[in-house]
> 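Can you keep this structure in mind? I'll have questions shortly.
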Amino acid sequence: MHTARLPILALVLAPLAAPLGGCTEYFDVDEACSENLVGSGQLDPDEKDAMLRMNCYRRLAGVTRMTANGNVQIAARGTIAYTQQNPSVGALLGTTGPVTWLRESQDAPGYTGSNLFQRLTGDPITGGAGYAIANLRTTGSREYIYIEYGIGNVEFPSGAEAVDHLMRIPDFRQSALQPSFIDGAFAEGELSEDWFTEGGWGLGDANGGISPTPHGKVYYFVTLFEEPHTEHVATPVLLPKEDQVDVPLYSWSINRNFVIDGGGYAPTQISYPVTLLMGSVTPEHFVDVDQNQYSAYIDAAAIVGPDGTLPTHVVHPGDEAVDSWPSGINLRTTLAIYTRRPFEPNTKYQVLADLTTPDGQFRVDYSFRTAKQDPGVDRNVGVTGDTTAAPQARRLQPGQTASAGGVQDHPAGTWGPERSPQIIVP
């Protein structure tokens with residue numbers, strides 16, 4: 001790998017994947033794993049496995065590991081319980097999606113606080129977690145909630161497998177790889193068929209009253225971090241990283257060129273995302289009220305395989321979804337690069353990108369190698385409108401699944417019930 005300056009610059013970007021503090025550098029997610037998780041005694045097995053797995057990715061990418069905090073975990077479990085006690089298919093499939101469950105209603109069962117500050121710091125006697133925020137002015141946070149649901153004999157991942165699944169999504173990856181970590185928690189819970197029935201599945205226009213009742217699972221991750229982050233500011237946090245091996249082949253998107261039966265767009269598979277989580281050596285270059293908080297833009301990008309340059313697309317924070325490419329509505333500090341189709345197995349790819357930030361202009365140039373296999377990859381799904389896999393339409397058939405997720409940001413300095421943070425939208 002080499003990271004070269006552009007001709008107009010007098011600066012050279014430091015090696016993107018340089019190990020921190022002389023620590024061992026890793027090139028495979030599994031070999032980066034460690035069984036050491038501070039505070040893990042406060043977690044149940046799935047919670048512990050999920051946090052450990054996120055730390056595998058963090059060690060691989062070169063950011064410090066997360067620790068478990070019992071109070072934050074209580075708040076995370078409370079969010080799962082609130083979601084389970086307040087079924088609403090209309091909210092799930094509406095414009096705000098699962099973010100609805102991050103804005104709890106005081107008169108609803110399972111209420112622990114209308115916003116994250118209340119849920120974290122509230123009195124445990126009244127449902128709060130009793131967590132103390134050390135510095136309100138410099139602590140930011142991000143909540144991520146994701147719901148999967150399907151018909152029939154489908155199984156949803158838990159623990160470490162759930163993290164591997166969610167890491168295909170840049171929105172989740174943005175939180176899981178967040179530098180300058182302070183505290184965080186991961187929780188998950190089942191959503192029964194009764195949840196969907198009570199929530200209105202099959203009524204009105206929820207799904208046309210056609211498909212059987214689904215069941216599902218809800219995942220929630222909250223992270224608190226120093227904002228703007230001071231760790232890993234000189235170079236982006238990359239995933240895949242330089243010289244990484246066994247990189248997965250695909251992620252999911254929607255093909256907006258084809259409408260499937262039931263009125264939804266055909267799901268399709270695109271490449272595993274290449275993401276750059278940005279920072280800045282100059283704290284003033286961070287603007288928390290902007291969608292693209294570090295004002296980072298990729299002017300040109302290419303992913304090159306053995307047969308040449310592939311159809312490549314960049315998603316910046318706030319970008320609308322187009323064609324078969326995902327949106328960047330939930331991205332804040334992360335830029336994503338995709339190819340049109342899943343990667344080929346056991347293949348070396350090169351990433352080239354010209355990057356403009358307030359710190360200057362830089363060129364990213366590095367390579368990685370894909371895995372020999374990636375269960376679930378299907379290069380034909382969603383290409384013609386016929387789909388053999390999970391439609392995100394409301395009408396499902398046995399064995400199919402769908403999903404929806406959302407992000408809630410709480411910038412540093414906006415804590416407190418008197419100023420309930422709202423999601424930032426483009």
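Numbers here simply count residues along the sequence, with the first being 1. Because only heavy atoms are used, hydrogens play no part in the values below, and waters and symmetry mates are left out as well, while side chains stay in.
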> Backbone N or O of Pro98 within a donor-acceptor pair of the Thr100 side chain at under 3.5 Å?
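Looks like no, no N/O pair under 3.5 Å.
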> State the CD1-OG distance between Ile182 and Ser141, to the nearest 0.5 angstrom.
9.5 Å
> Hey, is the main chain of Thr139 close enough, under 3.5 Å, to the side chain of Glu226 for a donor-acceptor pair?
no
> Does Tyr26 offer a backbone N or O that forms a donor-acceptor pair with the side chain of Lys241 under 3.5 Å?
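Side chain of Lys241 to backbone of Tyr26, a donor-acceptor pair under 3.5 Å: yes, one is there.
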> Which word best sums up how the rings of Tyr219 and Tyr146 line up, parallel for under 30°, tilted for 30 to 60°, or perpendicular for over 60°?
tilted
> Restricting to non-hydrogen atoms, name the atom on Leu177 and the atom on Ala61 that form the minimum distance, rounded to 0.1 Å.
CD2-CB, 4.3 Å
> Which atoms form the tightest heavy-atom contact between Asn330 and Gln174, and what is the distance?
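Smallest interatomic distance, heavy atoms only, reads O-NE2, 3.1 Å.
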> Charged N to carboxylate O under 4.0 angstrom, Asp171 versus Arg332?
no
> Take a 6.0 Å sphere around CD of Gln85 and say whether it holds more than 12 heavy atoms from other residues, nucleotides or ligands.
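Atom CD in Gln85 is crowded, with more than 12 foreign heavy atoms closer than 6.0 Å.
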> If the condition is side chain to side chain donor-acceptor pair (under 3.5 Å), which residues does His313 pass it with, not counting sequence neighbours?
none
> Hey, is Asp164 close enough to Arg53 for a salt bridge, meaning N to O under 4.0 Å?
yes
> Any cation-pi pair here, Lys348 with Phe368, using under 6.0 Å and within 45°?
no
> Identify the two heavy atoms, one from Arg256 and one from Val322, that lie closest to each other, and give their separation to 0.1 Å.
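Scanning both residues, the minimum pair turns out to be NH1-O, 4.1 Å.
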> What heavy-atom pair brings Glu148 and Ser403 nearest, and what distance separates the two atoms?
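So the two residues come closest at OE2-CB, 3.9 Å.
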> Salt-bridge test for Arg168 and Asp374: reply yes if a basic N is under 4.0 Å from a carboxylate O, no otherwise.
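Judged by the 4.0 Å cut-off on N to carboxylate O distance, Arg168 and Asp374 do form a salt bridge.
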> Under 4.0 Å between a side-chain nitrogen and a carboxylate oxygen: does that hold for Glu25 and Arg59?
no
> Which pair of non-hydrogen atoms, one from Arg65 and one from Phe181, has the smallest distance, and what is that distance?
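Looking at all heavy atoms of both residues, the closest pair is O-CD2, 4.4 Å.
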> Going by side-chain contact (heavy atoms from CB on, under 4.5 Å), Ser271 matches just one of Tyr338, Tyr349, Tyr250. Which one?
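Option passing the side-chain contact (heavy atoms from CB on, under 4.5 Å) with Ser271: Tyr338.
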> Applying disulfide bond (SG atoms under 2.5 Å apart) as the test, list every pair that has at least one member in residues 28-133; sequence neighbours left out.
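Only Cys33-Cys56 qualify under disulfide bond (SG atoms under 2.5 Å apart).
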> Is there a side-chain contact (heavy atoms from CB on, under 4.5 Å) between Leu335 and Val315 once you walk through the steps?
CA-CA 6 Å; Leu335 286 62; Val315 175; over 6 Å; no
> Would you please test Ile337 and Thr312 for side-chain contact (heavy atoms from CB on, under 4.5 Å) and show each step?
CA-CA 7 Å; Ile337 308 174; Thr312 305; 3.5 Å; yes
> Give a yes or no answer on whether the side chain of Asp409 reaches the backbone of Pro411 with a donor-acceptor pair at less than 3.5 Å.
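Checked: no pair found.
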> Taking the cut-offs as 6.0 angstrom to the six-membered ring centre and 45 degrees off its axis, would you call Arg341 and Tyr272 a cation-pi pair?
no
> May I ask you to decide if Trp325's main-chain N or O and Asp323's side chain share a donor-acceptor pair within less than 3.5 Å?
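A pair under 3.5 Å: no.
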> Quick check: do Gln350 and Tyr366 have side-chain heavy atoms less than 4.5 Å from each other?
no
> Is there a donor-acceptor pair closer than 3.5 Å between any side-chain N or O of Asn55 and the backbone N or O of Arg58?
no
> Could you tell me whether the side chains of Asn257 and Asn255 share a donor-acceptor contact shorter than 3.5 Å?
yes
> Could you list the residues that satisfy side chain to side chain donor-acceptor pair (under 3.5 Å) with Glu47, not counting sequence neighbours?
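Side chain to side chain donor-acceptor pair (under 3.5 Å) check on Glu47 returns Gln73, Arg77.
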> Looking only at side-chain N and O atoms, does Glu143 offer a donor or acceptor that is under 3.5 Å from a partner on His410?
yes
> Spell out, as yes or no, whether a donor-acceptor pair under 3.5 Å connects the side chain of Glu231 to the backbone of Pro179.
no
> What I want to find out is whether Glu190 reaches Lys217 closely enough, with some N-O distance under 4.0 Å, to be called a salt bridge.
yes
> Hey, does the side chain of Ser105 reach the backbone of Ala108 with a donor-acceptor pair shorter than 3.5 angstrom?
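No, because the side chain of Ser105 does not come within donor-acceptor range (under 3.5 Å) of the backbone of Ala108.
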> Is it true that Tyr294 and Phe286 have ring centroids separated by less than 6.0 Å?
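Yes, close enough.
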> Kindly assign one of parallel, tilted or perpendicular to the pair Phe221 and Phe186, based on the angle between their ring planes and the thresholds 30° and 60°.
tilted
> Within the side chain of Arg173, is there an N or O that forms a donor-acceptor pair under 3.5 Å with the backbone of Thr334?
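Side chain of Arg173 to backbone of Thr334, a donor-acceptor pair under 3.5 Å: no, none is there.
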> State which residue, out of Ser280, Ser180, Pro283, fulfils the side-chain contact (heavy atoms from CB on, under 4.5 Å) condition with His229.
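With His229 as partner, side-chain contact (heavy atoms from CB on, under 4.5 Å) holds for just one option, Ser180.
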> Can you give me the closest heavy-atom contact between Trp101 and Tyr82, atom names plus distance?
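It is O-CD2, 3.8 Å.
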> Verify the neighbour count for atom CD of Gln84: are there more than 12 heavy atoms of other residues, nucleotides or ligands below 6.0 Å?
yes
> With a sphere of 6.0 Å drawn around CG of Asp123, does it hold more than 12 non-hydrogen atoms of other residues, nucleotides or ligands?
yes
> Report yes or no: does Asn71 contribute a side-chain atom to a donor-acceptor pair with the main-chain N or O of Ala129 at less than 3.5 Å?
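Yes, because the side chain of Asn71 sits within donor-acceptor range (under 3.5 Å) of the backbone of Ala129.
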